[in-house]
Amino acid sequence: TILILDFGSQYSHLITRRIREFGVYCELLPCTQKISELSWKPTGVILSGSPYSVYDHDAPRVDPGVFDLGVPVLGICYGLQEMSNYFGGKVDPCDHREYGPATLNILAAAASDAQSSMLFEELSSESQVWMSHGDQVTSPPEGFRVIASTNTAPFAAIRHNEKPLFGIQFHPEVTHSVDGKQILKNFVLKVCKASQNWTMSEFIGKEIERIRQIVGEKGQVIGAVSGGVDSSVAAKLMHMAIGDRFHGILVDNGVMRHNECAQAKKMLVDKMGINLKIADASDRFLDNLKGKTDPEEKRKIIGNTFIDVFEEEAKAIDDACSATGAAPVEFLLQGTLYPDVIESISFKGPSATIKTHHNVGGLKENMKLKLIEPLRELFKDEVRELGRLLGMDDELVWRHPFPGPGIAIRILGEVTREQVAIARKADYIYIEEIKKAGLYRQIAQAYAALLPVKAVGVKGDKRTYEQMICLRAVETSDFMTADWFPFPYDVLKRISSRICNEVEGVNRVVYDVSSKPPATIELE
Ligand code: XMP
């Protein structure tokens, strides 16, 4: 296992992602992690970049224990500067913050040294790398030597004369560093000699075993299932591990997409055999939402109603278990992914709340259930691969994410049954046309929202005064930032014409051309 210590760079989980692509398991931990408290010994360590300067009074510090492990260490950007700083080198602000491409010249000193040669193996002698830094090493620490430079950074790569300690100023994890992937691969496979045993099929076997260990011979588990890829994969793993002792609950909140419950049932129950209860609580949700227009209030109502319904269903399952003499329900399944784990363990603390996201997290204190999170080590694309290996349809595996509060946050203002019907129908047509045009997989998330403003139009010979549909489609890799998708005009034209013709109550369609930030992906 490779240990990546996160000093707060926006690129830290890209490093993690890249390394896993080589089939090497790695863990990203906050830089505050004490090396002496690790329960495993890393094969190598990577120190990430950081928004800090090593001279900031509150700058995150590297645990010197890293350098006593006797394993290779690679400092990237701030990681290099912090390593230099720790060993007594000099770091200074650059005249101008450097952000952009640079040409890396690998020096003769690297060629004559076995480990540096390994690090730069298969690289051209002048390789394009990506810089993003305000400080740089101006004098390497004693005992280190320079192995590569750029026009602006004479110490773009350094290494310790004896120990396998390396530092690089540029960011190999971003795709703009043309040979960056190769450098990371060389470090991990050649310098650290890490084994390539991280594959999804091995993961399935190990995870099923781990679930069985935790749950035991008789334990019962409940979990909310939404019909999305994460909860479906998690449910399938549970089902493979413990069969019908896993009880899935799908809450129909009345604001799901067209036909969604039926589709989820077909997939999860009919095809995958998961023990699933569909709780139709749509009236309860829609009644609770009556007259509410404030986005946060709508989100809270949906979150709280969800918790109430879920708890009632869970209690019914628990009662049924005890009636048959089975063990009580002791565990709660959650589909937490690795980025959520990283977010919550970041040394900077959780980022500011922009919107209160609705998920089942609120349940745990209430219900005194122990959490099981089979996907907590995985990134989204790994979950998709897992879904594929578990035999799920492409349709489900590649499904765009759908927020817990559903269509309710895509209908601005009050959510009524009539508004839900309009938004649902428009969304269905929109997604259908996107799929027909072969664009679904290029788009990270798309949906149609209903804007409750009215405008004048004409249908046939009649004047109309109707609402608007707002189309949203974004490209993003992490959902933290996003760009609007550049649709071909003919596709937009078809979508617009179909929605205006087929959805009653709508006479205009607009396309949202805002990026995140300053907009968010959802409208509320
Ligand atoms: P925003 O609108 O914050 O959305 O740019 C980022 C991503 O999060 C999804 N989202 C949610 N997912 N519960 C969820 O499970 C929620 O309450 C929620 N709100 C937003 C959104 O669909 C997008 O993918």
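Order of appearance sets the numbers: ligands from 1, and atoms from 1 within every ligand.
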Trainee: Mind checking whether Ile521 has an N or O less than 3.5 Å away from an N or O of ligand 1?
Mentor: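 Checking ligand 1 against Ile521, an N or O pair does fall under 3.5 Å apart.
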Trainee: Examine ligand 1 and decide if any of its atoms is less than 4.0 Å from a heavy atom belonging to Met480.
Mentor: no
Trainee: Determine, stepwise, if the pair Glu173 / Trp130 fulfils side chain to side chain donor-acceptor pair (under 3.5 Å).
Mentor: CA-CA 9 Å; Glu173 67 276 26; Trp130 190 258; over 6 Å; no
Trainee: Validate the cation-pi geometry between Arg17 and Tyr11: distance from NZ or CZ to the six-membered ring centre under 6.0 Å, angle to the ring axis within 45°.
Mentor: no
Trainee: What are the atoms of ligand 1, with element, lying closer than 4.0 Å to any heavy atom of Thr520?
Mentor: 1 (P), 2 (O), 5 (O)
Trainee: Which ligand 1 atoms does Pro405 reach within 4.0 Å, using its non-hydrogen atoms?
Mentor: 13 (N), 16 (C), 17 (O)
Trainee: Any idea how Phe379 and Tyr338 line up, ring-wise: parallel (<30°), tilted (30 to 60°), or perpendicular (>60°)?
Mentor: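 Plane angle over 60°, so perpendicular.
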Trainee: Mind telling me whether His258 and Tyr428 have parallel, tilted or perpendicular rings, with 30° and 60° as the class edges?
Mentor: perpendicular
Trainee: Go through ligand 1 atom by atom and flag the ones less than 4.0 Å from a non-hydrogen atom of Gly404.
Mentor: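 The atoms of ligand 1 under 4.0 Å from a heavy atom of Gly404 are 13 (N), 14 (C), 15 (O), 16 (C).
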Trainee: Provide the number and element of each atom of ligand 1 under 4.0 Å from a heavy atom of Lys516.
Mentor: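 With Lys516 as reference, the close atoms of ligand 1 come out as 1 (P), 3 (O), 5 (O), 6 (C).
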Trainee: Set out, in order, the CA-CA distance, both residues' side-chain angles and the distance that settles side chain to side chain contact (heavy atoms under 4.5 Å, CB included) for Lys265 and Leu250, then state yes or no.
Mentor: CA-CA 9 Å; Lys265 178 174 174 294; Leu250 193 152; over 6 Å; no
